[in-house]
Amino acid sequence: MAQIKVTLPDGSIKEVAKGISAGEIVKSISEGLYRNALAVKINDEVSDLNVAVNDDCNFKVLTFSDAEGKQVYWHTASHILAQAVKRIYPTAKLAIGPSIKTGFYYDIEFKTNVTQDDFAKIESEMQKIIKADFSIERKEMSKKEAKKYFEKADEDYKVELVEDIPDDKVSFYTQGEFTDLCRGPHLPSTGKVKAFKLTQLAGAYWRGNENNKMLTRIYGTAFDKKKDLDEYLAKVEEAKKRDHNKIGRELGYFMTDENIGQGLPLLMPKGTQLFETLTRFVEDEEKRRGYVRTKTPYMAKSNLYKISGHWDHYLDGMFVIGDEMKDKEVFALRPMTCPFQYTIYNNGLKSYRDLPIRYGETSTLFRNESSGEMHGLIRIRQFTLSEGHIICTPEQLESEFIGVLDLIKYIMNSVGLYNDLTFRFSRWDPNNKEKYIYEPEVWEKAEAKMKQILDHIGLDYVEAIDEAAFYGPKLDIQIANVYGKEDTLITIQIDMFLSKNFDMTYIDENGEKQYPYIIHRSSMGCYERTMALLLEKYAGAMPFWLAPVQVKVLSITDRAAEKANEIKDYLEDRGIRTEVDNRNEKIGYKIREAQLEKIPYMFILGDKEVENNVVSVRHRKDGDLGCKTVEEIVSIMLEEVRLKKCD
RNA sequence: GCUGAUGUAGCUCAGUUGGCAGAGCGAUUCACUCGUAAUGAAUAGGUCGGCGGUUCGAAUCCGCCCAUCAGCUCCA
């Protein structure tokens with residue numbers, strides 16, 4: 001019998017009979033491993049354990065501890081969900097059911113209303129399917145047969161999916177009475193799934209297109225040990241406690257009011273203090289790096305947006321004041337700062353010697369988001385961006401771009417978020433003619449230029465199609481919130497269109513008029529959103545330099561009250577934000593309150609301290625630090641501020 | 001905008017088949033002057049998200065609207 005060579009990850013080679021199943025190979029390596037095996041990876045391709053191995057190959061066994069193993073596990077779990085659903089709701093139509101980062105989902109069209117209350121029923125049916133331990137069989141058929149099969153089964157979505165598969169052969173997986181169209185791979189049997197839970201229910205458009213029918217999406221997750229599932233669920237619950245939308249309100253950073261409106265949060269004194277600390281820091285740092293600052297209007301006539309292209313490409317996102325049909329003048333609140341700073345640039349003729357010009361502005365913007373999109377401080381209708389535009393020559397583009405990245409790195413490091421960021425190169429989609437200014441050559445040039453810069457500096461990024469701005473490609477700097485949902489925190493964009501629209505030029509060395517390059521950029525992103533992510537990162541316990549209240553002086557008896565006020569004045573004079581608690585309460589109670597407010601330092605002041613001219617220092621995390629003179633502790637705190645320490 | 005859930009005192013939440021609006025924490029007042037995460041007592045606090053309907057009677061049933069949450073879509 002013919003033999004083939006299988007190379008294992010440790011480099012060892014195993015000779016096996018040609019045509020043997022992957023599962024048999026695993027079993028021959030180790031029985032224990034076989035029990036945990038979910039799938040295999042043959043030359044970079046993940047396959048079922050049932051697959052026959054016919055050639056020499058690299059061979060890796062996938063278990064639940066491999067990311068790819070988890071994906072297979074969750075994919076099978078989604079099929080079990082679908083099977084259970086079809087048993088309970090035979091008229092339900094199945095769409096797609098993939099694995100995702102933290103589990104799986106299945107999109108289903110139900111004829112009846114299904115809510116979370118139905119989960120228990122579905123879960124117990126899933127449990128039955130797992131207990132039955134159906135073996136999962138793969139088979140192939142032609143597209144024509146497949147289509148016929150699903151037409152007969154009245155599965156419209158599957159029919160549509162089959163039609164879109166380019167190959168003539170399509171694969172199926174069958175477990176018990178249930179068969180689903182699926183590329184696979186899958187676990188060998190349903191009994192392999194141990195601990196699972198359906199987690200949430202949501203609507204989702206068929207094919208992600210809002211013009212299509214909305215299906216019901218059931219989310220779930222699964223683990224190979226009950227304990228790990230419980231731990232995961234507990235961790236999710238724990239993460240929710242850090243939700244800025246909860247602690248930001250509890251700690252008095254912001255509030256909302258139904259009479260003010262959706263997406264219009266009110267920053268309360270603490271939120272405003274943090275906002276001001278952040279904006280001043282950014283403004284000072286940008287000035288240091290050669291930015292000049294502007295302060296431009298919050299609204300403008302529609303003319304301006306017609307020139308910029310916003311009227312054509314962004315009208316839905318704008319708040320328009322007036323009616324073009326009735327009013328002589330129509331205004332709109334600005335959704336972006338670009339046209340305003342460009343107008344400043346155009347005031348006076350510019351020479352190549354004037355470039356680069358770096359304009360910065362702490363810019364309040366207005367975007368008319370749809371009602372379902374608002375979220376705490378993360379998605380709002382009025383927000384303030386650390387906005388700016390760099391106008392430069394083609395030769396200056398790369399060094400300016402790098403300068404922007406360096407600024408972002410410094411700023412994000414200072415608030416402790418830099419290591420949580422990921423980079424996304426967002427490109428246009430030539431097929432999306434609605435969204436973008438359609439000039440393919442210009443796009444190609446801009447994207448090539450950006451890619452060249454990114455690759456040159458060796459930035460680690462992913463590419464995303466159809467995520468660009470309407471006027472140019474972006475480098476989006478992404479961050480995840482407590483729910484794991486990713487958002488753009490900062491973007492840097494290269495714009496090769498608007499300088500022409502605004503007739504922005506400079507005179508080059510030869511006395512010729514040239515169009516400059518423009519970099520749109522932010523350094524800290526939108527302050528509200530950044531504040532939200534800081535609240536989540538630190539669970540409300542802001543680094544000392546950012547904390548709205550840095551010190552609380554707690555008097556033990558009213559004999560110390562006067563001294564407490566003196567200390568507050570001393571600290572405030574040195575720029576340390578201080579509050580005094582002279583209330584007639586027990587010291588334990590005052591400490592508890594300051595602790596719950598997450599105030600970094602508490603100074604406890606009784607007869608003993610007043611007499612010795614010291615304060616008893618307590619840190620919110622490190623506890624009692626003993627007695628220190630005020631001068632001593634103030635110098636420690638000022639050093640923390642200088643270093644912008646984040647822990 | 002769409003799907004689903006939610007909205008009762010400042011906060012967290014009870015409130016049965018439609019029949020007098022409840023608790024804990026917080027707040028206020030008084031007493032206590034206290035040593036590193038909750039002193040005690042008393043008092044006040046409500047258009048039950050809003051508007052309309054059904055009913056002798058609505059926090060409770062129905063409709064519309066507003067807001068909040070998760071997800072989709074869209075975006076910083």
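Throughout, a chain's letter reflects where its sequence line sits, starting with A, and its residues are numbered from 1.
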With a 4.0 Å cut-off on heavy atoms, is [X] in touch with a base, just the backbone sugar-phosphate, or nothing at all?
| X | value |
| --- | --- |
| A:Gly626 | nothing |
| A:Lys590 | nothing |
| A:Gln262 | sugar-phosphate |
| A:Asp607 | base |
| A:Leu365 | nothing |
| A:Glu467 | nothing |
| A:Gly525 | nothing |

I want to check something: taking the side chain as every heavy atom from C-beta on, are [X] and [Y] in contact at a cut-off of under 4.5 Å?
| X | Y | result |
| --- | --- | --- |
| A:Ile633 | A:Phe603 | yes |
| A:Arg207 | A:Asp164 | yes |
| A:His310 | A:Phe470 | yes |
| A:Asp495 | A:His389 | no |
| A:Leu535 | A:Met542 | yes |

Between [M] and [N] - [atom1] atom distance, rounded Å:
| N | M | atom1 | result |
| --- | --- | --- | --- |
| B:rG24 | B:rG40 | P | 13 Å |
| B:rA67 | B:rU55 | C1' | 29 Å |
| B:rU60 | B:rA14 | C1' | 14 Å |
| B:rG46 | B:rG22 | C1' | 11 Å |
| B:rU16 | B:rU73 | C1' | 42 Å |
| B:rG49 | B:rA59 | P | 10 Å |
| B:rG63 | B:rU68 | P | 23 Å |
| B:rG7 | B:rC32 | C1' | 41 Å |

Starting from [atom2] on [N], measure out to [atom1] on [X] and report it in whole angstrom.
| X | N | atom1 | atom2 | result |
| --- | --- | --- | --- | --- |
| A:Met374 | B:rG71 | CE | C1' | 16 Å |
| A:Tyr471 | B:rC75 | OH | C1' | 12 Å |
| A:Glu597 | B:rG26 | CD | C1' | 13 Å |
| A:Lys101 | B:rG71 | NZ | P | 12 Å |
| A:Phe603 | B:rG35 | CZ | C1' | 17 Å |
| A:Leu315 | B:rC74 | CG | P | 19 Å |
| A:Arg379 | B:rA76 | CZ | P | 8 Å |
| A:Phe423 | B:rA76 | CZ | P | 17 Å |

Under a 3.5 Å threshold, yes or no: a donor from one side chain and an acceptor from the other, between [X] and [Y]?
| X | Y | value |
| --- | --- | --- |
| A:Glu387 | A:Ser363 | no |
| A:Tyr436 | A:Asp429 | no |
| A:Arg289 | A:Tyr291 | no |
| A:Tyr601 | A:Glu640 | yes |
| A:Thr256 | A:Arg249 | yes |
| A:Glu361 | A:Thr337 | no |

Please confirm whether the shortest side-chain N or O distance from [X] to OP1 or OP2 of [N] is below 4.0 Å.
| X | N | result |
| --- | --- | --- |
| A:Lys435 | B:rC75 | yes |
| A:Arg559 | B:rC34 | yes |
| A:Lys474 | B:rA76 | yes |

Under 3.5 Å, which protein N or O atoms sit close to an N or O of nucleotides 3-11 of chain B? Give each pair with its distance.
| from | atom 1 | to | atom 2 | distance (Å) |
| --- | --- | --- | --- | --- |
| B:rU3 | O2 | A:Gly203 | N | 3.3 |

Between A:Asp156 and A:Lys93, is there a side-chain N and carboxylate O pair less than 4.0 Å apart?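 Yes, A:Asp156 and A:Lys93 are salt-bridged.
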Residue pairs meeting salt bridge (charged side-chain N to carboxylate O under 4.0 Å, His left out), one or both in residues 603-616 of chain A, sequence neighbours left out, come to A:Arg559-A:Asp607
Hey, which of these two, A:Tyr219 or A:Thr256, hits RNA chain B nearer its 5' end, going by closest nucleotide? A:Thr256
Residue closer to the 5' end of RNA chain B, A:Arg217 versus A:Cys627 (nearest nucleotide):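 Nearest nucleotide further toward 5': that of A:Cys627.
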Selected nucleotide, minimal atom distance to [X] side chain, candidates [options]:
| X | options | answer |
| --- | --- | --- |
| A:Ser616 | B:rG35, B:rU36, B:rA76 | B:rU36 |
| A:Asn245 | B:rU36, B:rC72, B:rC69 | B:rC69 |
| A:Arg583 | B:rU73, B:rG71, B:rA27 | B:rA27 |

Return yes if the base of B:rA76 and the side-chain atoms of A:Glu369 contain a donor-acceptor N/O pair under 3.5 Å, otherwise no. yes
In which ranges does RNA chain B form stems of 3 or more consecutive Watson-Crick or G-U pairs, distances under 3.5 Å?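 Runs of three or more consecutive pairs: B:1-7 with B:66-72, B:10-13 with B:22-25, B:27-31 with B:39-43, B:49-53 with B:61-65.
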Residue list, ring-ring contact (aromatic ring centres under 6.0 Å, His included) with A:Tyr538, at least two apart or on another chain: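 Partners of A:Tyr538 by the ring-ring contact (aromatic ring centres under 6.0 Å, His included) criterion come out as none, since no residue qualifies.
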Return the orientation label for the A:Tyr483 and A:His375 ring planes: parallel under 30°, perpendicular over 60°, tilted otherwise. perpendicular
Determine whether the aromatic ring centres of residues A:Tyr471 and A:Phe497 are separated by less than 6.0 angstrom. no
Ring of A:Phe319, cation from A:Arg381 - is the NZ or CZ under 6.0 Å from the centre and inside 45° of the axis?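 No.
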Contact list (N/O, under 3.5 angstrom) for nucleotides 59-64 of chain B vs protein:
none

With B for base contact, S for sugar-phosphate-only contact and - for none (protein heavy atoms under 4.0 Å), nucleotides 37-45 of chain B reads BBB------
Using the six-membered ring for Trp and the full ring for Phe, Tyr or His, decide whether A:Tyr483 stacks on the six-membered base ring of B:rA70 (centres under 5.5 Å, planes under 30°).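 No, aromatic ring not over the base.
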